[in-house]
K.L.:
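A single structure is presented below for examination.
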Amino acid sequence: MRTVRIDILRLLVAFLVIVCGACGGDAIQAFRQGAGKPLVILYDNDVHCATEGYVALSRLREAISDTAWVAVTSSGDFLQGGVAGAVSRGQYIADIMSAVGYDAVTLGNHEFDYGIPRMKQLIRSAALPVTCVNLHDIEGDSTVYAPYIMKKYGDKHIAFVGVVTPSTLYSEAYAFYSDGDSLRYDLCDRNVYEKVQQAVDAARKEGADYVVVLSHLGEEATPQNVDSHGLVAATTGIDAVLDGHTHSVVECCKVRNGEGKMIPVTQTGTKCANIGKLHISVEGKVTAHLIPSTAFPPADEGVRDKVQQVVDSVKTMMSAVTERRIGYTPFPVEILDSMGRQRVRYAETNAGDIVTDALRAYTGADMAIVNGGDIRSGIVTGEITVGDVIEMLPYSNPVAVVEVTGKELQELLSVCCQEVPKASGDFPQVSGMRFSLGDGLKKEVSDLSVLDTLSGDYVPIDITKRYTLATIEYAITGGGLHGRLRNVPCMKDYDVTDTDVVIWFLEEVLHGTLPLRYATVQGRINNKSVIY
């Protein structure tokens, strides 16, 4: 049984056909061939393994496919960030996206999490049409993927140009180097805008009527001074930018391009909370809208489409791993504030306290630290399953211990806290230490002290003393914590992940129940610019 929404749209099509019929048989034929039909580009970004979002996307496409040409695109960060990606190293998401059938996608920084060989394998298995102007193979002196993809809808040619944030070269640095520690791939951070302009010009020369950029740049400038708004301002010939990376909810922001024209930039948020709908009318007007995914509930039994079937199959396979009960929490484990913002990226959270305590307990290190961006989800009050922990720590980062001086630690904290009160994925969650953070423009770290495990008291840090610090491999080989731990001595690598360690901590140390001391934050970070 079709939904009422789809039936209404199809009645509208019938009405339009009748109207065309009143104008003569030629009008009917023209309508059937697509003349006079608008183009709708459905888009997602930063889905991060929210599998049900693909079902909503598929159902929306079905609902409007009789009245418009429909394209489906993604602006990156799909292979990792949730349970489905973590337990299959991206394969389950590749299977689902293959079922959806995308017209064009670009890469996000988290596509590189498993390394470039694995990324390529998954993209091939899903037959994803990837465009990316700035992923360069140094050895082959060529771009890895096409700088643009041309598609024809009715009598119009649309070019999709893809671009990924060059900060990925630093945040996922390990993915870009060969075994000999030489740079194998580059993201061309010095001339990203120029490469996009070259692709736009080439597409226009080939006959593109419209050029749509699939951007994983975000609205916030990177250290390389590259962002989606800057891209528009530095270029001409782009009709719209479908953005990603910063998880912003932007229905339509107009930015002036190099010729003074106002170009729409839009972004859906994350986890498929919204589906983007870019509408190009018959007259050429370009508008963007966001549609909540909740507007498309699961279909009735018996009419589940291919995408729903694949998602159901993935859920069944995941359940064998994720449903095991490992504990109970009498309070919520939180990463968000009361406004729904990522508190874990600008202040202490009980989720961060639990994760770092687990790392310190497992390794026996003096202290522990992880970047807030590693912790992606909270846990609701009640039973805790393996799946809950994987959802909280989906990147399954290996654990390591490094050695730092007190001075190096203080400098690390100062750098990682500079964005407060603005959210940053590098904001530290800590264990075995506590410090204060000033509320001035420059966030000074003061009163840094270290836990004396024998007395249970905190003592002032000795800037000359060497301490052991438990963390995740991403902070050593990637860009976590602003890459400040890359050159410090690594004492030990563990053959376990942060996910494994938290499960061990819940079962073996806490004996299955989170104690009430974790119900609130423990005062490890005295952040004077944040109201607790």
K.L.:
Can you confirm whether the side chains of Tyr494 and Asp500 place a donor and an acceptor under 3.5 Å from each other?
P.N.:
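No - no donor-acceptor pair under 3.5 Å links their side chains.
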K.L.:
Rounded to the nearest 0.5 Å, what's the gap from CD1 on Ile335 to CZ on Arg345? Could you check?
P.N.:
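Those atoms lie 8.0 Å apart.
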K.L.:
Side chain of Glu323, backbone of Thr385: donor and acceptor closer than 3.5 Å?
P.N.:
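Not at all, since once roles are kept as given, no pair shorter than 3.5 Å links the two residues.
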K.L.:
Which heavy atom of Thr131 sits nearest to which heavy atom of Pro147, and what is that distance?
P.N.:
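Taking every non-hydrogen atom into account, OG1-O, 3.1 Å.
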K.L.:
Does a donor on one side chain sit under 3.5 Å from an acceptor on the other, for Ser98 and Asp95?
P.N.:
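Judged by distance alone, the side chains do not pair up.
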K.L.:
Would you check, one step at a time, whether the test side chain to side chain contact (heavy atoms under 4.5 Å, CB included) holds for Val404 with Val402?
P.N.:
CA-CA 7 Å; Val404 295; Val402 297; 4.3 Å; yes
K.L.:
Ignoring hydrogens, what is the shortest heavy-atom contact between Val164 and Cys132? Give both atom names and the distance.
P.N.:
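Between these two residues, the closest heavy atoms are CG1-SG, 3.7 Å.
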K.L.:
What heavy-atom pair brings Leu187 and Thr165 nearest, and what distance separates the two atoms?
P.N.:
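So the two residues come closest at CD1-O, 3.7 Å.
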K.L.:
So, Tyr170 and Asp189: side-chain donor and acceptor under 3.5 Å apart, yes or no?
P.N.:
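Distance-only check passes for Tyr170 and Asp189.
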K.L.:
Looking at CD1 of Ile375 and OG1 of Thr349, how far apart are the two atoms once the value is rounded to the nearest 0.5 Å?
P.N.:
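The CD1 atom of Ile375 sits 5.5 Å away from the OG1 atom of Thr349.
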K.L.:
Do Asp239 and Arg204 sit within salt-bridge range, that is, some charged N less than 4.0 Å from a carboxylate O?
P.N.:
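Counted as a salt bridge, because a side-chain N and a carboxylate O are separated by less than 4.0 Å.
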K.L.:
Do Tyr174 and Glu473 have side-chain N/O donor and acceptor atoms under 3.5 Å apart?
P.N.:
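Per modelled atom types, Tyr174 and Glu473 side chains form no pair under 3.5 Å.
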K.L.:
Report the relative orientation of the aromatic rings in Tyr362 and Trp504; use parallel for angles under 30°, tilted for 30 to 60°, perpendicular for over 60°.
P.N.:
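The rings of Tyr362 and Trp504 stand perpendicular, inter-plane angle above 60°.
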K.L.:
Distance only, no hydrogens: is a donor on one side chain within 3.5 Å (strictly under) of an acceptor on the other, for Thr268 and Asn45?
P.N.:
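Their side chains do contain a donor-acceptor pair, which is all the 3.5 Å distance test asks for.
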K.L.:
Grab the two heavy atoms, one from Gly387 and one from Val83, that are nearest each other, plus how far apart they are.
P.N.:
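Result for this residue pair: O-CG2, 3.6 Å.
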K.L.:
Should Asp44 and Tyr102 be marked as a side-chain hydrogen bond (donor to acceptor under 3.5 Å, both in side chains) after you check the CA-CA gap, both sets of side-chain angles, and the distance that decides it?
P.N.:
CA-CA 11 Å; Asp44 65 50; Tyr102 279 77; 2.6 Å; yes
K.L.:
Answer whether the closest heavy-atom distance between the side chains of Phe78 and Ile96 falls below 4.5 Å.
P.N.:
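The answer is no, as the side chains (C-beta and beyond) never meet within the 4.5 Å cut-off.
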K.L.:
Are side-chain heavy atoms of Lys120 and Ile116 found at a separation under 4.5 Å?
P.N.:
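Side-chain contact under 4.5 Å: yes.
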K.L.:
Counting distance only, does the side-chain N/O of Glu251 pair as donor-acceptor with the main-chain N or O of Leu290 below 3.5 Å?
P.N.:
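Here the side-chain-to-backbone pair exists.
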K.L.:
Could you walk me through whether Tyr114 and Gln80 pass side-chain hydrogen bond (donor to acceptor under 3.5 Å, both in side chains), step by step?
P.N.:
CA-CA 9 Å; Tyr114 307 115; Gln80 180 59 295; 3.1 Å; yes
K.L.:
How long is the straight-line distance from CE of Met491 back to OG1 of Thr363, given to the nearest 0.5 Å?
P.N.:
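Separation between the atoms: 11.5 Å.
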K.L.:
Do the side-chain N and O atoms of Asp357 and Ser431 include a donor-acceptor pair separated by under 3.5 angstrom?
P.N.:
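Ser431 and Asp357 do have a side-chain donor-acceptor pair below 3.5 Å.
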K.L.:
Kindly indicate, with the supporting measurements, whether the criterion side chain to side chain contact (heavy atoms under 4.5 Å, CB included) is fulfilled by Met317 and Val87.
P.N.:
CA-CA 10 Å; Met317 290 185 286; Val87 301; over 6 Å; no
K.L.:
If only atom types and distance count, is the side chain of Arg524 paired as donor or acceptor with the main-chain N or O of Val430 below 3.5 Å?
P.N.:
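A pair under 3.5 Å: yes.
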K.L.:
Step through it carefully: locate the ring centre of His110, locate the ring centre of Tyr395, and say whether they are under 6.0 Å apart.
P.N.:
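Yes, ring centres under 6.0 Å apart.
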K.L.:
Can you confirm whether Lys277 sits close enough to Val70 that some side-chain heavy atom of one is under 4.5 Å from a side-chain heavy atom of the other?
P.N.:
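Counting from C-beta outward, Lys277 and Val70 never come under 4.5 Å.
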K.L.:
Looking at side-chain heavy atoms only, is the closest gap between Tyr145 and Leu107 below 4.5 Å?
P.N.:
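Side-chain contact under 4.5 Å: yes.
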K.L.:
CG of Asp113 to OG1 of Thr168: how many Å apart, nearest 0.5 Å?
P.N.:
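Asp113 CG to Thr168 OG1: 9.5 Å, rounded to 0.5 Å.
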K.L.:
Between Asp243 and Tyr43, do the side chains contain a donor N or O and an acceptor N or O under 3.5 Å apart?
P.N.:
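No, no side-chain donor-acceptor pair sits under 3.5 Å.
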K.L.:
So does Cys272 get a backbone contact from the side chain of Ser293, meaning a donor-acceptor N/O pair under 3.5 Å?
P.N.:
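Side chain of Ser293 to backbone of Cys272, a donor-acceptor pair under 3.5 Å: yes, one is there.
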K.L.:
Can a donor-acceptor pair be found between the side chains of Asn397 and Thr497 at a distance below 3.5 Å?
P.N.:
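Their side chains do not contain a donor-acceptor pair, so the 3.5 Å distance test is not met.
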K.L.:
Side chains of Arg124 and Gln121: any donor to acceptor distance under 3.5 Å?
P.N.:
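There is no such pair between these side chains.
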K.L.:
Take a 6.0 Å sphere around CD of Glu139 and say whether it holds more than 12 heavy atoms from other residues, nucleotides or ligands.
P.N.:
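At most 12 heavy atoms, drawn from other residues, nucleotides or ligands, come within 6.0 Å of this atom.
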K.L.:
Is there a side-chain contact between Glu403 and Val488 in this structure, where contact means two heavy atoms from C-beta onward sitting under 4.5 Å apart?
P.N.:
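No, every pair of side-chain atoms sits at 4.5 Å or beyond.
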K.L.:
State, without any angle test, whether Glu219 and Thr246 hold a side-chain donor-acceptor pair at a distance under 3.5 Å.
P.N.:
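A donor-acceptor contact under 3.5 Å links the two side chains.
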K.L.:
Ring centroids only, cut at 6.0 angstrom: are Phe112 and Tyr185 within range, meaning strictly under it?
P.N.:
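No - the distance between ring centres of Phe112 and Tyr185 does not fall below the 6.0 Å cut-off.
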K.L.:
Does Glu111 reach the main-chain N or O of Gly108 with its side chain, forming a donor-acceptor pair under 3.5 Å?
P.N.:
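A pair under 3.5 Å: yes.
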K.L.:
Using atom types as modelled and distance alone, determine if a side-chain donor or acceptor of Asp426 lies under 3.5 Å from a backbone N or O of His482.
P.N.:
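Yes; at least one donor-acceptor contact below 3.5 Å.
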K.L.:
May I ask you to test the Arg190-Asp186 pair for a side-chain heavy-atom distance under 4.5 Å?
P.N.:
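Contact flag for Arg190/Asp186 side chains = yes.
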K.L.:
Quick check: do Leu242 and Val213 have side-chain heavy atoms less than 4.5 Å from each other?
P.N.:
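No, their side chains stay 4.5 Å or more apart.
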K.L.:
I'd like to know if the side chain of Tyr153 pairs up with that of Asp103 as donor and acceptor (distance under 3.5 Å, no hydrogens or angles considered).
P.N.:
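Indeed, the side chains of Tyr153 and Asp103 share at least one donor-acceptor pair under 3.5 Å.
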K.L.:
If the condition is salt bridge (charged side-chain N to carboxylate O under 4.0 Å, His left out), which residues does Asp493 pass it with, not counting sequence neighbours?
P.N.:
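Here no residue qualifies.
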K.L.:
Step by step, would you call Leu278 with Thr73 a side chain to side chain contact (heavy atoms under 4.5 Å, CB included)?
P.N.:
CA-CA 11 Å; Leu278 190 76; Thr73 68; over 6 Å; no
K.L.:
Determine, stepwise, if the pair Gln308 / Ser58 fulfils side chain to side chain contact (heavy atoms under 4.5 Å, CB included).
P.N.:
CA-CA 9 Å; Gln308 181 75 69; Ser58 175; over 6 Å; no
K.L.:
When rounded to the nearest 0.5 angstrom, what is the spacing between CG in Asn371 and OG in Ser171?
P.N.:
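Reported to 0.5 Å precision, the distance equals 10.5 Å.
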K.L.:
Determine the sole option in Lys271, Gln267, His48 for which the side-chain hydrogen bond (donor to acceptor under 3.5 Å, both in side chains) test with His247 is passed.
P.N.:
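The side-chain hydrogen bond (donor to acceptor under 3.5 Å, both in side chains) with His247 is passed solely by His48 among Lys271, Gln267, His48.
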K.L.:
What is the minimum heavy-atom distance between Val232 and Val255, and which atoms define it?
P.N.:
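Smallest interatomic distance, heavy atoms only, reads CG1-O, 3.5 Å.
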K.L.:
Please examine the side chains of Val389 and Val386, heavy atoms only from C-beta on, and report whether any two atoms are closer than 4.5 Å.
P.N.:
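With C-beta onward as the side chain, the pair stays apart.
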K.L.:
Of Thr266, Val249, Thr294, which is the lone residue that meets side-chain contact (heavy atoms from CB on, under 4.5 Å) with Asn274?
P.N.:
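Exactly one option meets the side-chain contact (heavy atoms from CB on, under 4.5 Å) with Asn274, and it is Val249.
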K.L.:
I'd like to know if the side chain of Arg376 reaches the main chain of Gly373, judged simply by a donor and an acceptor atom lying under 3.5 Å from each other, with no hydrogens or angles considered.
P.N.:
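Judged by distance alone, yes, a pair lies under 3.5 Å.
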K.L.:
Within the side chain of Asn191, is there an N or O that forms a donor-acceptor pair under 3.5 Å with the backbone of Glu194?
P.N.:
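A pair under 3.5 Å: no.
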K.L.:
Identify the two heavy atoms, one from Ile369 and one from Pro428, that lie closest to each other, and give their separation to 0.1 Å.
P.N.:
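Here Ile369 and Pro428 meet closest at CD1-CB, 3.7 Å.
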K.L.:
Answer yes if the side chains of Asn109 and His245 hold a donor-acceptor pair under 3.5 Å, and no otherwise.
P.N.:
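Side-chain D/A pair, Asn109 to His245: present.
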K.L.:
Could you tell me whether a side-chain N or O of Gln429 sits under 3.5 Å from a main-chain N or O of Val355, the two making a donor and an acceptor?
P.N.:
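No: the side chain of Gln429 does not pair with the backbone of Val355.
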K.L.:
Working to the nearest 0.5 Å, report the span between CD1 of Ile390 and OG of Ser396.
P.N.:
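Taking CD1 in Ile390 and OG in Ser396, the distance rounds to 6.5 Å.
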